[in-house]
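Because the structure is predicted, anything quoted here is derived from the model rather than measured.
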Amino acid sequence: MELGAQIKGYNSISTVAYCSPNIQRFSNSLSLHCNCATSHASFLSRGSSFCKAAVKSDSSSGVDYVVKVSMMSAPDAVDSIEDELSSLNALSPLDGRYWSKVKELAPLLSEYGLIKYRVQVEIRWLLKLSHISEVSEVPRFSEAAESFLQNLIEKFNMDDALEVKKIEKVTNHDVKAIEYFLKKRCQSQPEIAKVLEFFHFACTSEDINNLAHALMLKEALNTVVIPVMDKLIEAISNLATLNASISMLSRTHGQPASPTTLGKEIAVFAYRLSMERKELCRIEIFGKFAGAVGNYNAHQVAYPDVFWPQIAEEFVTSLGMSFIPYVTQIEPHDYMARLFDSIIRFNNILIDFDRDVWGYISLGRFKQITKAGEIGSSTMPHKVNPIDFENSEGNCGMANGVLSHLSTKLPISRWQRDLTDSTVLRNMGVGLGHSLLAYKSALQGIPKLQVNEASLIEELNQSWEVLAEPIQTVMRKYDVPEPYEKLKELTRGRAVTKESIQEFIKSLDIPVEAKTNLLNLTPHTYVGEAVGLAKNVKTLVSLALGAGSF
């Protein structure tokens, strides 16, 4: 249970922003004074219409208060003055600078989203009660009544959410405000008006909240996050297959090692990401609906002939979740820990990719396609910085910090429950928002990559010592004494050239065919199965992505 707070010391114009819980709380305090005809689409285009509130400080009392609220129509230009003010005043960069890249999450993971899904759960529960024969006080609704309730779900909008927030100002309880909102809206429907007190029947707030949070996560992952994950995996797979045959010197411990191909090294990340994405979608999303402490106490007293655990399981699974039978007041959030840990692992793999690509750019193996008008450095005109991969890495780190706390904190609750999970859960959008931003940053950088084949060729031409591995391996096959030691003597700490390597091969007492094969070997051709591995990655990735969604 949380209230929107007034902001002190703030003397500017602001518009409603949605991703950050801090901005949410400020926007709540302003929105309560608004009478906006703001639709669901306002989340996706803040430049169309919005509330503008002037906040004035009362120096005598030290309290800031809203003195004027009006509807404003922004200019057609996307970067209007009002939008810039909104961006510049946002406490979280997700709601400001990066809004355009994460706004798809706002209708789902904002407080608006939480209210919307709470409304859905309350209505679905009333409909479930109407189908339980023992609960005769709630008879089966007519088609018209069910349609009325369905419309409340499907047509829920910003005006409705603002009305709930106005009620919350009086109730000082966010879930109770949902119940009162629904009772008020349903008074005009004769059938539903007779059973208004069965809204929230036998429910604790967490019965509603845990299912609302589950619906939020499921929708956000299925419709926004996972599709972008898939685009990222596809882009990396395409990069791998496109460069499957481009030979490249590898490095272990930062030192020259056996050659590979650029495509195969990129393919490693495509496969790793696809496997983690597959594991993510295997995680079950759970829900509970067992009352105040998980025992169906009130349910059983009111209707002792109903087997409420079965009813609860039917209700939870009807919403698309798995049912957890043993709970306290809260769903224990263990599935959330598994889910967030999986996203953290996905993000860690992406960090590994970002850093490798960053290193390849630094070594000159990749060049970056420039864009007219862009500036890489404020003082060094020649620079084209790998900013997309740096932004991706940084935002993966931010996401992992938030998701890690969610993962470790949420499964812990004192006795039957404490309230620490409530405020923490409001940051799901922050963790997923930074993840989404990281994925989009990497996606923005990948098309700019241009292989510098000349650099790769030159590096391989200077690295004939890497053929020491295949030569000594063939020598072992033909029982040449001390093959490793002989190659160590030839190559270690010495300049190795094509001529010195081939002279050594010619001196070996091995079959002519084996000697010919070694003489034909170059650092460019000594890549093993790398080409085939890179070309096949799309097939393996597509199998992993076949895991579907939640």
Side-chain angles (χ1 to χ4, degrees), residues 19 44-46 78-79 83 87 90 92-106 220-221 223-243 262-263 265-270 272-274 276-277 343 346-378 382-400 429-452 538 541 545:
C19 283
L44 305 181
S45 180
R46 293 190 298 192
V78 174
D79 295 325
D83 275 350
S87 174
S92 164
L94 294 178
D95 296 297
R97 182 180 182 89
Y98 303 126
W99 170 257
S100 64
K101 295 185 178 181
V102 299
K103 61 184 178 182
E104 302 99 314
L105 288 174
L221 290 169
T223 64
V224 180
V225 177
I226 290 176
V228 178
M229 283 181 168
D230 289 349
K231 287 181 181 178
L232 177 60
I233 294 168
E234 182 182 10
I236 295 174
S237 297
N238 289 338
L239 187 65
T241 54
L242 182 66
N243 297 290
L262 179 58
E265 299 312 307
I266 299 298
V268 169
F269 294 106
R272 290 174 65 194
L273 289 169
S274 71
E276 193 54 54
R277 187 265 197 212
I343 296 173
F346 186 96
N347 291 351
N348 279 338
I349 296 169
L350 181 56
I351 289 174
D352 201 17
F353 171 79
D354 290 332
R355 290 180 177 177
D356 271 16
V357 172
W358 188 97
Y360 293 149
I361 293 171
S362 178
L363 290 172
R365 295 179 176 182
F366 278 127
K367 294 185 289 186
Q368 294 182 98
I369 299 172
T370 58
K371 185 177 179 180
E374 285 189 349
I375 294 173
S377 168
S378 62
H382 66 281
K383 291 184 68 179
V384 183
N385 296 329
I387 57 173
D388 296 307
F389 301 102
E390 292 171 339
N391 285 342
S392 178
E393 178 184 343
N395 279 287
C396 279
M398 284 295 299
N400 287 358
V430 179
L432 292 179
H434 280 289
S435 297
L436 181 64
L437 183 56
Y439 309 156
K440 289 189 174 183
S441 293
L443 275 168
Q444 186 170 300
I446 290 170
K448 297 178 184 178
L449 296 175
Q450 189 175 53
V451 178
N452 186 354
K538 280 191 173 182
V541 163
L545 298 187

Does Trp358 offer a backbone N or O that forms a donor-acceptor pair with the side chain of Ser362 under 3.5 Å? no
Of Asp230, Ile343, Leu105, the residue whose pairing with Val225 passes side-chain contact (heavy atoms from CB on, under 4.5 Å): Leu105
Are the side chain of Asn452 and the backbone of Lys367 linked by a donor-acceptor contact shorter than 3.5 Å? no
Asp388 CG to Lys448 NZ distance, which is reported to the nearest 0.5 Å: 3.5 Å
Tell me, with the steps shown, if Lys538 and Asn238 meet side chain to side chain contact (heavy atoms under 4.5 Å, CB included). CA-CA 8 Å; Lys538 280 191 173 182; Asn238 289 338; 2.5 Å; yes
Side chain to side chain contact (heavy atoms under 4.5 Å, CB included), that's the test. Do Lys231 and Leu443 meet it? Break it down for me. CA-CA 8 Å; Lys231 287 181 181 178; Leu443 275 168; 4.1 Å; yes
Check: Phe366 ring centre within less than 6.0 Å of Phe389 ring centre: no
In this structure, CD of Gln450 is separated from CD of Gln368 (nearest 0.5 Å) by 10.5 Å
For Ile446 and Leu232, run side chain to side chain contact (heavy atoms under 4.5 Å, CB included): C-alpha distance rounded to whole Å, both residues' side-chain angles, the deciding distance at 0.1 Å, then the answer. CA-CA 9 Å; Ile446 290 170; Leu232 177 60; 4.1 Å; yes
Between Phe346 and Ile349, is there a side-chain heavy-atom distance shorter than 4.5 Å? no
Is the shortest heavy-atom distance from the side chain of Asp352 to the side chain of Arg272 under 4.5 Å? yes
Side-chain donor-acceptor pair present, Asn395, Ser435, cut-off under 3.5 Å: no
Taking the side chain as every heavy atom from C-beta outward, state whether Leu449 and Ile361 have any pair of such atoms under 4.5 Å apart. yes
Apply the test side chain to side chain contact (heavy atoms under 4.5 Å, CB included) to residues Phe353 and Val268: give CA-CA distance (whole Å), side-chain angles for both, the deciding distance (0.1 Å), then the verdict. CA-CA 9 Å; Phe353 171 79; Val268 169; over 6 Å; no
What distance separates Asn347 CG from Glu393 CD, expressed to the nearest 0.5 Å? 12.0 Å
Side-chain contact, heavy-atom cut-off 4.5 Å: Phe269 with Asp356? yes
Which pair of non-hydrogen atoms, one from Ile233 and one from Ala270, has the smallest distance, and what is that distance? CG2-O, 3.8 Å
Do Val541 and Glu234 touch side chain to side chain, with heavy atoms closer than 4.5 Å? no
Could you tell me if the side chain of Arg365 sits less than 4.5 Å from the side chain of Val451, heavy atoms only? no
Heavy-atom side-chain proximity of Leu94 to Trp99 below 4.5 angstrom: no
Write down the atom of Ala438, the atom of Cys396, and the distance for their closest heavy-atom approach. CB-SG, 3.5 Å
Side chains of Ile266 and Thr241: does their closest heavy-atom pair fall under 4.5 Å? no
Can you measure from CZ (Arg97) to OG (Ser92) and round to the nearest 0.5 angstrom? 13.0 Å
Using the side chain to side chain donor-acceptor pair (under 3.5 Å) rule, take Ser392 and Asp354 through it: C-alpha gap first, then chi angles, then the decisive distance, then the call. CA-CA 7 Å; Ser392 178; Asp354 290 332; 2.7 Å; yes
Using a strict threshold of under 4.0 Å (side-chain N to carboxylate O), is an ion pair present between Lys440 and Glu104? yes
Starting at CG of Leu242, measure out to OG of Ser237 and round the result to the nearest 0.5 Å. 12.0 Å
Tightest non-hydrogen contact, residues Leu350 and Ala442, listed as CD1-CB, 4.2 Å
